[in-house]
Amino acid sequence: MRRRSASSPAALTGSADWQALSPARWTDKERLIVRMVDELHHHSTVSDQTWQSLCAGWPQEQVIELIFASSFYHMAAFFLNSAAVPLEQGAERFAPPLAQAQVPA
């Protein structure tokens, strides 16, 4: 399995950067997807309000696909971090405290 960091120079790096989710930079749909991912990350579920908002913008099948796509990357991160799979040569790590955990052999 190959592994690269998802970070980039444009990645959000601190809490102040989340203020960048302003209407001038992000569409309503993009901010809604970020809210969905945040809810999944923090609560392992999507609120009724978020679900209804998602279904107002996409068919239910696509909402389900959005949740599965987000969940897949979470599952992959669990495995890659637990197995201490090294990043590809030349790939940059996330800045601390988000760096990959060191798993003893």
Side-chain angles (χ1 to χ4, degrees):
M1 178 175 269
R2 297 177 62 182
R3 180 173 183 207
R4 290 191 65 87
S5 171
S7 67
S8 69
L12 301 176
T13 57
S15 60
D17 290 326
W18 287 104
Q19 299 304 319
L21 294 176
S22 67
R25 291 185 162 195
W26 297 71
T27 67
D28 289 342
K29 282 187 167 186
E30 289 169 334
R31 286 193 311 278
L32 180 57
I33 291 171
V34 170
R35 186 170 87 199
M36 177 203 75
V37 171
D38 282 347
E39 288 180 10
L40 287 169
H41 177 73
H42 293 291
H43 308 292
S44 299
T45 190
V46 175
S47 69
D48 290 342
Q49 178 185 4
T50 299
W51 180 268
Q52 291 169 359
S53 297
L54 289 164
C55 288
W58 292 280
Q60 184 173 354
E61 294 81 9
Q62 287 183 343
V63 172
I64 292 168
E65 288 292 327
L66 281 169
I67 293 170
F68 271 117
S70 173
S71 301
F72 171 79
Y73 287 104
H74 201 166
M75 178 192 65
F78 285 158
F79 169 75
L80 294 169
N81 288 334
S82 296
V85 174
L87 296 175
E88 291 182 0
Q89 186 174 4
E92 295 183 30
R93 294 189 178 280
F94 286 111
L98 300 176
Q100 179 183 359
Q102 299 299 315
V103 179

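- From T27, atom OG1 reaches atom CG of L32 across 9.0 Å, with rounding to the nearest 0.5 Å.
- By the side chain to side chain contact (heavy atoms under 4.5 Å, CB included) test, S70 is found to be paired with M36, V37, L40, residues two or more places apart in sequence or in another chain being considered.
- In terms of hydrophobic clustering, with Ile, Leu, Val, Met, Phe, Trp and Tyr side chains grouped at heavy-atom distances under 4.5 Å, L54 and I64 are assigned to a common cluster.
- Side-chain contact between D28 and R31 is present, with heavy atoms from C-beta onward closer than 4.5 Å.
- Here the straight-line distance linking atom CZ of R35 with atom CD of Q49 works out to 5.0 Å at 0.5 Å rounding.
- Between the CD1 atom of I67 and the CD atom of Q62 there is a distance of 12.5 Å, given to the nearest 0.5 Å.
- Every pair passing ring pair (Phe, Tyr, Trp, His ring centres under 6.0 Å) that includes a residue from residues 28-59 is listed here, sequence neighbours excluded: H41-H74.
- For T45, there are no side chain to side chain donor-acceptor pair (under 3.5 Å) partners two or more places apart in sequence or in a different chain.
- Residues L66 and F72 do not share a hydrophobic cluster, defined by chaining ILVMFWY side chains whose heavy atoms lie under 4.5 Å apart.
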